[in-house]
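Structure, as structure tokens:
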Amino acid sequence: MTKPSPVDSPSLFPSRESVVDVLLPLAIGAAYSYRVPEGMELAPGDIVVVPLGTREVLGCVWPRAGGAPAVDPAKLKSIKRRYDVAPLQPAMLAFIEWMADYTVTPPGMVLRLALRHDESAGIGRERTGVYLTDRRPERLTKARTKVVEALFDGFVRSKSEAAREAGVSASVVDGLIDDGVLETVVLPPEPAAEVPDPEHSRPDLSPAQSEAAARLVDAVKARAFAPTLIDGVTGSGKTETYFEAVAQAIRQGQQTLILMPEIALTQAFLDRFARRFGVLPAEWHSAVSSKRRGKLFKGVASGEVSVVAGARSALFLPFRDLGLIIVDEEHDGAYKQEDGVHYHARDMAVLRARLEEAPIALVSATPSLETEVNTRRGRYTRLHLPERFTGTRVPRLEPIDLRKEGPPRGQWVAPRLAREMECTLEAGGQSLLFLNRRGYAPLTLCRACGHRLRCPSCSSWLVEHRFRRRLECHQCGYAMPVPSECPACHEPNALIPCGPGVERLHEEVVRLMPNARVQVLSSDLAGGVERMRAELKAIEDGEVDVVVGTQLVAKGHNFPGLALVGVIDADVGLGHGDPRAAERTFQLLHQVAGRAGRANVEGRAFLQTYIPEHPVMQALVAGDRDAFYDQEIAIREEAHLPPFARFCALIVSGTDNHAAQSHARALAACAPFTSEVRVLGPAEAPLALVRGRHRFRLLARSERAFDLSSYVRAWMAGAPRATGSLKVQIDIDPQSFL
DNA sequence: AGATAGACATAT
DNA sequence: TATGTCTATCTA
């Protein structure tokens with residue numbers, strides 16, 4: 001593949017050519033053809049407005065596929081107008097086509113991801129500026145005097161700015177314009193983003209960081225595809241290291257995309273960026289207003305915006321000249337898009353980097369299995385940051401065997417951990433107890449008849465949330481008030497909570513340590529984002545002695561003062577047959593342990609488990625990451641699952657076929673890798689679905705559920721045709737584009 | 001994605 | 001026979 005020209009391709013269609021193909025952001029197989037109006041010049045990548053049926057839609061002029069498609073010329077309609085934005089670059093067009101092919105999705109659906117911003121939003125009204133003339137108002141009111149005084153320096157201000165500075169309403173300013181006291185000028189549009197300064201503040205880097213940064217900078221200078229894994233322990237300064245590569249891209253006048261899992265786009269990251277580059281990066285995620293999105297879209301397309309930090313959707317921004325991609329926390333599951341177009345943003349980022357001929361850095365303390373494998377096979381370069389920047393070490397997890405030294409019945413903190421927490425409290429240190437279970441108790445059962453409360457719609461356990469006085473289903477969101485009697489045998493006051501959730505753990509810690517200030521952190525914390533921010537601040541300021549938290553505490557936020565971390569139930573999430581369970585548990589607990597310790601204090605971490613002999617626990621205790629990956633890779637190979645196996649879903653729709661619908665539901669529940677999954681083996685894939693290199697593999701919830709391969713074969717043979725449609729997502733080797 | 005044209009089901 | 005609801009099909 002040749003490097004596409006970063007600027008507008010000069011290869012316009014010959015002037016006598018009056019028809020172009022336009023890809024529409026719809027689930028249509030191919031681009032449609034449109035007549036080009038007299039005098040309009042179009043090239044592939046241009047965004048245009050075209051008529052479609054009764055309405056008008058946005059589309060993208062698409063390279064003409066080989067061989068003129070036979071469309072009745074009488075059906076051709078004309079392009080309405082060109083949309084005022086820089087054209088999509090050839091690499092972007094290639095990206096859309098590749099990704100569509102790769103994800104078995106119509107290209108239009110991928111284009112839709114790129115054009116999803118509001119068309120009108122970015123255009124923005126013209127801003128009017130005002131300045132003071134020599135003329136003075138005939139009737140001089142108090143408000144008018146204030147305006148004249150405020151603008152006496154003669155500088156141009158926007159209307160709203162002038163009003164604000166003078167402390168009057170905008171109508172006063174308008175009145176003065178009418179009287180000729182103020183003159184108006186058209187102001188240039190506000191810049192889409194501030195310009196980062198690569199030399200704003202050069203950081204002090206450790207030798208390991210400097211070495212890694214130099215390698216990355218070289219890769220940026222080379223302007224070639226080069227995938228790298230930045231693999232460094234928590235606190236090793238991975239961010240500061242890749243910032244040097246970002247700085248180099250800025251110096252070269254190229255753009256950078258920094259992808260992060262939605263949750264990681266925190267103030268902490270933005271602050272660090274601002275410290276290094278003097279300004280905030282352009283942010284792109286679901287909370288950004290549509291007006292702002294429109295503006296950014298244009299700024300990114302024109303090349304004006306040089307650094308974008310965003311969630312996975314930022315991958316579809318129309319960069320003019322992308323010089324570097326960073327995928328922070330590359331192992332994070334949030335990169336996987338599971339509805340609409342199914343894709344993994346990390347893999348698509350690698351694809352995009354290849355097509356843009358740009359280096360890409362995947363960043364993680366606990367790389368995903370596939371990234372580790374790619375690195376071991378030499379497809380990615382490994383840059384290892386072995387030490388913490390502060391000099392303290394990431395603590396080893398000390399195992400607590402719950403079979404031997406478990407807590408008394410009805411309690412969850414082992415005596416040894418409780419003593420350690422007590423010591424930490426006396427020494428003025430902060431502790432964190434980690435339990436990946438929201439609510440009070442994960443299961444409620446009837447003491448009288450043994451009935452267990454299940455969700456009526458999806459049959460998983462109902463989780464008691466004592467604070468909200470509700471039973472909630474964590475699977476589907478169903479909720480009901482806590483009943484006073486058993487729904488099965490109607491025995492009153494017989495329902496008892498089983499097992500711990502963070503709420504219950506909180507209760508226990510308060511009992512164990514009456515003098516400690518204890519705070520629960522859970523994603524369902526009452527009071528929303530505001531409250532969460534306040535609590536995090538309180539923790540940071542040392543106003544909390546013990547934090548009891550779920551998954552949330554493992555990601556994003558930094559707790560600068562943690563001296564002790566205790567994992568309450570390390571076995572949660574293992575043993576459900578999920579092929580990713582071991583990997584996820586390892587990553588999560590490794591990250592949690594990494595929270596302990598600070599600049600001058602070595603932290604300690606404890607791991608409560610019933611299965612200390614389990615490979616995940618052994619690897620965590622030994623701190624031996626390589627051994628863990630070795631094992632995990634071997635297990636996959638034995639099961640004939642490629643280490644890359646990504647997703648598989650079979651979606652059946654149709655009213656007449658109830659069996660098909662229940663199959664679809666079962667599959668939706670198990671794909672991709674969320675519950676017990678069994679490989680039914682390679683089946684003869686329908687030719688229509690399998691394109692060349694894609695291997696076909698079906699995963700089902702269990703052997704008993706149904707034999708999918710024969711089901712699909714029957715379906716393809718037309719047996720239960722009904723009115724349904726069938727979509728099979730195929731297990732693809734995600735590196736097939738490398 | 002919409003808009004629309006058929007296929008059934010139900011009201012008038 | 002008009003009207004509503006659900007789906008599959010089409011848009012150049």
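Just so it is clear: chains get the letters A, B, ... in the order the sequence lines come, proteins before strands, and each one is counted from 1.
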Would Phe319(A) and Phe95(A) count as a close aromatic pair, with their ring centres under 6.0 Å?
->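 Here the rings of Phe95(A) and Phe319(A) have centres that are no less than 6.0 Å from each other.
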What pairs with [X] under side-chain hydrogen bond (donor to acceptor under 3.5 Å, both in side chains), at least two apart in sequence or on another chain?
X         : result
Ser160(A) : Ser158(A)
Asp328(A) : Tyr242(A)
Ser368(A) : Glu330(A), Arg346(A), Thr371(A)

Among Leu315(A), Val327(A), Leu317(A), find the residue that satisfies the side-chain contact (heavy atoms from CB on, under 4.5 Å) test when tested with Leu257(A).
->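 Testing each of Leu315(A), Val327(A), Leu317(A) against Leu257(A), the sole residue satisfying side-chain contact (heavy atoms from CB on, under 4.5 Å) is Leu315(A).
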Could you check whether [X] gets within reach of a base, just the sugar-phosphate, or nothing at all, counting any heavy atom under 4.0 Å?
X         : result
Leu24(A)  : nothing
Lys77(A)  : sugar-phosphate
Arg112(A) : sugar-phosphate
Leu52(A)  : base

Output all residues satisfying salt bridge (Lys or Arg N to Asp or Glu O under 4.0 Å) with [X], sequence neighbours left out; order by chain, then residue number.
X         : answer
Arg35(A)  : none
Glu194(A) : none
Glu190(A) : Arg127(A)

Whole angstrom value for the distance that separates [atom2] of [N] from [atom1] of [X]:
X        : N       : atom1 : atom2 : result
Arg55(A) : dA12(C) : CZ    : P     : 10 Å
Lys80(A) : dA12(C) : NZ    : P     : 11 Å
Tyr32(A) : dT9(C)  : OH    : P     : 14 Å
Arg64(A) : dA12(C) : CZ    : P     : 16 Å
Leu26(A) : dT11(C) : CG    : C1'   : 8 Å
Asp21(A) : dT11(C) : CG    : P     : 16 Å

Pairs under 3.5 Å (Watson-Crick or G-U), crossing ones as [ ], inter-strand ones as |: DNA chain C comes out as |||||||||||.
Segment of DNA chain B, first to last nucleotide, that comes within the 4.0 Å heavy-atom reach of chain A =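 Contact boundaries, 5' end first: dA1(B) to dT4(B).
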In chain order, what residues pass the side-chain contact (heavy atoms from CB on, under 4.5 Å) check against Thr54(A), with sequence neighbours excluded?
->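 side-chain contact (heavy atoms from CB on, under 4.5 Å) list for Thr54(A), sorted by chain: empty.
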